[in-house]
Each structure stands twice: as C-alpha cells, then as structure tokens.
Amino acid sequence: MSHNDLQARLDELETRLAFQDDIINTLSEQVAKQEMDIRELWNAKRLLHNQLKDVSPSHMKREEEETPPPHY
C-alpha cells in the first residue's frame, strides 16, 4: 500500500469518526430531552390521577373487599 492510499484511508476513518461523534452527541441530547419529557408526563399523570380521585371517589370496593360470586 502506498503512502497516498494509507493517507486516504486515514482521512476516511477520521471523517467517519467525526460524523459518528456528531451523531452520538445528537442522540445523547435527544435522549436527555426525552427523559425530561417523560418526567414531565409522569408528573402530569400523577397530578391528574390525584385530581380525579379527589373529584370522583370510587364507589367500588377493592377486589379483596368484594364478596365472592354465588358459584364459589
């Protein structure tokens, strides 16, 4: 292999590495953003769940409090 061939391969590898580094950074930022979005959604869900419980208490008994059906 000639010096020019090795240099061309090295240049290609450096270009690929720079591209991969950029993609990794972009993906890392996206994952961090999605983590924040998920946390916000969980907090909103928790708040809505609590508000729903306050507004409309359930008149249903828990499963363990229910009397068994007649065929038992």
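Atom set for the values below is all heavy atoms of this structure, side chains included, hydrogens, waters and symmetry mates excluded.
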Could you identify which residues cluster with M36, counting Ile, Leu, Val, Met, Phe, Trp and Tyr as linked when any side-chain heavy atoms lie under 4.5 Å apart, either directly or through a chain of such contacts?
none
For residues 26-35, which side-chain donor-acceptor pairs fall under 3.5 Å, sequence neighbours excluded?
residue, atom, partner, partner atom, Å
T26, OG1, D22, O, 2.9
K33, NZ, D37, OD2, 3.1
E35, OE2, R39, NE, 3.1

For K45 and L48, what are the C-alpha separation, side-chain angles and deciding distance, and is it a side chain to side chain contact (heavy atoms under 4.5 Å, CB included)?
CA-CA 5 Å; K45 177 203 154 283; L48 287 171; 5.8 Å; no
Measure the spacing between CG of L17 and CD of E12 and express it to the nearest 0.5 Å.
12.5 Å
How long is the gap from CG on D54 to NE2 on H49, to the nearest 0.5 Å?
10.0 Å
Pairwise distance CZ(F19) to CD1(I24) - rounded to 0.5 angstrom:
11.0 Å
A side-chain contact here means heavy atoms from C-beta on lying under 4.5 Å apart; do L10 and Q7 qualify?
yes
